[in-house]
Amino acid sequence: VIKSLKAGTNVDAWCTKCRLVLAHTIEAVAAGEIKRVQCNTCGGAHRYRATEPGTTEKSPRASAKEKSSSPKSRAGNFQRLTQNRDATQATPYSMKRRFAAGELIHHLNFGLGVVVEEKDAQKIEVLFEAGPKVLVHGREA
Ligand SMILES: [Zn+2]
């Protein structure tokens, strides 16, 4: 399965402002390559970069394979984690708030999600219906 690279879809990319690999929205694609992205966390637009500068970039083929490995089980996990949960109790996502594992959140772009892991003081992994995303939390303005 070839991952479609279209403007308006989400991709994980290095944010030059947040200095983290985060979910971005693709702004421009040329010759099958992502050229510009907009950070879903800080809203900043910049050139696409898959990984932190200075680290070895994974080949697109390898990462596409990883991402498509188990879409069904991920969706199943999402269903399992959100069943019996009251979506109206979800906390609106903001990078300034702090979140803990198990919390239900609502993200403007991704919708309902469950915090599966507090990765460190600045990052949480959240499972959305579309799959897991790493988001920033605990950021001061
Ligand atoms: Zn950012």
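The distance from the NZ atom of Lys123 to the OG1 atom of Thr41 is 11.5 Å, given to the nearest 0.5 Å. Rounding to the nearest 0.5 Å gives a distance of 12.0 Å between CD of Glu52 and SG of Cys15. Here the CH2-CG distance, from Trp14 to Leu20, works out to 6.0 Å after rounding to the nearest 0.5 Å. Taken to the nearest 0.5 Å, the OG1 atom of Thr51 stands 11.5 Å off from the CG atom of Asp12. Atom CE of Met95 sits about 5.5 Å away from atom SG of Cys18, to the nearest 0.5 Å. In this structure, CZ on Arg36 lies 13.5 Å from CD1 on Ile26, to the nearest 0.5 angstrom.
Among residue pairs with one or both ends in residues 19-28, those qualifying as side chain to side chain donor-acceptor pair (under 3.5 Å) are Asn10-Thr25, His24-His46, Thr25-Asn40; sequence neighbours excluded.
With sequence neighbours left out, the side chain to side chain donor-acceptor pair (under 3.5 Å) criterion links Glu125 to Lys119. For Lys35, the salt bridge (Lys or Arg N to Asp or Glu O under 4.0 Å) test picks out Glu33, with sequence neighbours left out. Shown here are the side chain to side chain contact (heavy atoms under 4.5 Å, CB included) partners of Asn84, two or more places apart in sequence or in another chain: there are none. Under the rule for a side chain to side chain contact (heavy atoms under 4.5 Å, CB included), the partners of Arg97 that lie at least two apart in sequence or sit in another chain are Thr91, Ser94, Phe99.
No continuous path of ILVMFWY side-chain contacts below 4.5 Å connects Ile34 to Val21, so the two sit in separate hydrophobic clusters.
Environment of CZ in Arg98: crowded, with over 12 heavy atoms of neighbouring residues, nucleotides or ligands closer than 6.0 Å.
Val126 pairs with exactly one of Val114, Val134, Leu135 by the side chain to side chain contact (heavy atoms under 4.5 Å, CB included) rule, that one being Leu135.
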For residues 101-111, tabulate all N or O donor-acceptor pairs below 3.5 Å that involve a side-chain atom, not counting sequence neighbours.
from   : atom 1 : to     : atom 2 : distance (Å)
Glu103 : OE1    : Ala100 : N      : 2.9
His107 : ND1    : Asn109 : N      : 3.0
His107 : ND1    : Phe110 : N      : 3.3

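Between Leu112 and Phe78, the shortest heavy-atom distance links the atoms O-CE1, 3.3 Å. Listed here is the closest heavy atom pair of Lys17 and Gly44: NZ-CA, 4.3 Å.
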Item to check | Worked verdict on Thr82 versus Phe128 for side-chain contact (heavy atoms from CB on, under 4.5 Å) | outcome: CA-CA 10 Å; Thr82 53; Phe128 294 99; over 6 Å; no
Item to check | Step-by-step side-chain contact (heavy atoms from CB on, under 4.5 Å) determination, Glu129 to Gln79 | outcome: CA-CA 8 Å; Glu129 196 163 14; Gln79 301 294 345; 3.7 Å; yes
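In this structure, Val116 and Leu81 have side chains that are in contact, with non-hydrogen atoms separated by less than 4.5 Å.
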